[in-house]
Amino acid sequence: MYVPPHFLQSDPAALHAAMDTIALATLVSHGADGMLASHVPLLLDAARGAHGVLRGHLARANPQARQKPDQALAIFLGPEGYISPGWYASKREHGKVVPTWNYIAVHASGRLRWIEDGAELLGLVHDLTERHEAGQAQPWAVSDAPADFIAGMLRGIIGFELEITGLQGKWKLGQNRQPADIAGSVAGLRGQGADDLADAMEQASPMA
């Protein structure tokens, strides 16, 4: 990933927090059939390995699961959106402005270990469920479904762990713009209801 210095995010805690919050990643690998990609929710275990371990599962019918690649790249895309030059104070000053797109992205690459053991796969499904049901008023649990039904569902998936060996973060949030341009962009985004991106821009601003 091309990352100019002013957009670089290298703080492990910030990268881990972004992956945990975004949750859904694009898992990219290369094999005999060329490039393959799947969109899959991933669970981060930040305490394992040098940069953490990502856990998830794919349908067994997925070509990516059938190939079982050794390496993969997980791409997490956070808040993103179009930035109009009409929001910039500098447009009114000199007009030398163009549109852009702001976003948060994390790339996590590493080695894959495939999980087919029934007990380990069940544990993975439990952990993913608990993570994403935590905010529900009445959290659903795997044990709420009949055991034979869950056993059948598990036969249709294969789990994996990605041990992160490379971790990159790009926070392209207008850090190269003047404070008045950043303020104008934040106001423009809030006017369109894009509060997540506006908040991220304010937090990343050199003036924050």
Side-chain angles (χ1 to χ4, degrees), residues 1-29 35-46 50-54 56 72-110 128 131-137 162 164-208:
M1 176 167 59
Y2 170 59
V3 187
H6 41 270
F7 298 145
L8 176 65
Q9 176 57 265
S10 57
D11 178 22
L15 296 171
H16 285 163
M19 289 190 288
D20 186 59
T21 299
I22 298 167
L24 185 72
T26 302
L27 187 73
V28 182
S29 63
M35 300 298 295
L36 295 173
S38 300
H39 307 286
V40 57
L42 296 179
L43 188 64
L44 173 67
D45 186 342
H51 303 288
V53 171
L54 293 167
L73 169 66
I75 301 172
F76 295 82
L77 182 62
E80 50 79 25
Y82 175 77
I83 304 298
S84 170
W87 295 337
Y88 293 158
S90 55
K91 174 186 180 293
R92 295 183 292 276
E93 295 170 7
H94 51 67
K96 297 177 182 179
V97 292
V98 293
T100 192
W101 205 282
N102 282 0
Y103 57 88
I104 284 176
V106 180
H107 286 196
S109 58
L128 278 164
R131 162 67 177 83
H132 295 294
E133 285 286 328
Q136 300 297 320
L162 189 155
I164 302 171
T165 56
L167 189 58
Q168 282 186 302
K170 185 174 183 178
W171 270 221
K172 184 181 179 299
L173 299 170
Q175 300 96 316
N176 58 329
R177 303 300 310 181
Q178 296 297 318
D181 287 350
I182 296 173
S185 298
V186 167
L189 288 168
R190 292 201 188 283
Q192 296 182 345
D195 290 329
D196 286 351
L197 183 56
D199 290 344
M201 286 188 64
E202 287 186 327
Q203 293 165 12
S205 170
M207 303 299 291

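Nothing fancy with the numbering, it's 1 onward along the sequence.
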Legend entry - Qualifying side-chain hydrogen bond (donor to acceptor under 3.5 Å, both in side chains) pairs with a residue from residues 81-90, counting only residues at least two apart or across chains: S90-R177, S90-D181
Inset, instruction - Sorted by first residue and then second, give each salt bridge (Lys or Arg N to Asp or Glu O under 4.0 Å) pair with at least one member in residues 15-29; sequence neighbours left out. - result: D20-R131
Inset, instruction - Using side-chain contact (heavy atoms from CB on, under 4.5 Å) as the criterion, list what pairs up with D11, not counting sequence neighbours. - result: Q9, A13, A14
Legend entry - Distance in Å, K172 NZ paired with M201 CE, rounded so as to fall on 0.5 Å steps: 9.0 Å
Legend entry - L167 side chain near V106 side chain, heavy-atom distance below 4.5 Å: yes
Inset, instruction - Using a 4.5 Å cut-off on heavy atoms from C-beta on, say whether the side chain of F76 contacts that of I104. - result: no
Legend entry - L128 versus G56, closest heavy-atom pair with distance: CD1-CA, 4.5 Å
Inset, instruction - Sorted by first residue and then second, give each salt bridge (Lys or Arg N to Asp or Glu O under 4.0 Å) pair with at least one member in residues 80-107; sequence neighbours left out. - result: none
Legend entry - 4.5 Å side-chain heavy-atom contact, L15 and W171: yes
Side chains of residues 192-200: which donor-acceptor partners sit under 3.5 Å, not counting sequence neighbours?
unit_1: D195; atom_1: OD1; unit_2: R190; atom_2: NH1; d: 3.3
unit_1: D199; atom_1: OD1; unit_2: R190; atom_2: NH1; d: 3.1
unit_1: D199; atom_1: OD1; unit_2: R190; atom_2: NH2; d: 2.6

Legend entry - Atom pair CG (L173) and CD1 (I83), whose distance is rounded to the nearest 0.5 Å: 8.5 Å
Inset, instruction - Considering non-hydrogen atoms only, spot the tightest contact between G166 and H51 and give its length. - result: N-CD2, 4.5 Å
Inset, instruction - Could you pull out the closest heavy-atom pair between A108 and M19, with the gap in Å? - result: CB-SD, 4.1 Å
Legend entry - Point-to-point distance, once rounded to the nearest 0.5 Å, from CE of M35 to OG of S29: 7.0 Å
Legend entry - Side chain H6, main chain G174, donor-acceptor under 3.5 Å: no
Inset, instruction - Starting from the C-alpha separation in whole Å, work towards a yes-or-no answer on side-chain hydrogen bond (donor to acceptor under 3.5 Å, both in side chains) for K170 and Y2. - result: CA-CA 8 Å; K170 185 174 183 178; Y2 170 59; over 6 Å; no
Inset, instruction - Indicate yes or no: at least one non-hydrogen side-chain atom of L42 is less than 4.5 angstrom from one of L162. - result: no
Inset, instruction - Kindly write out the residues that satisfy side-chain contact (heavy atoms from CB on, under 4.5 Å) with A37, not counting sequence neighbours, or none if the list is empty. - result: T26, V28
Legend entry - Closest heavy-atom pair and its distance - P85, V97: CB-CG2, 3.6 Å
Inset, instruction - Please round to the nearest 0.5 Å and tell me the distance separating atom CD1 of I164 and atom CG of L54. - result: 4.0 Å
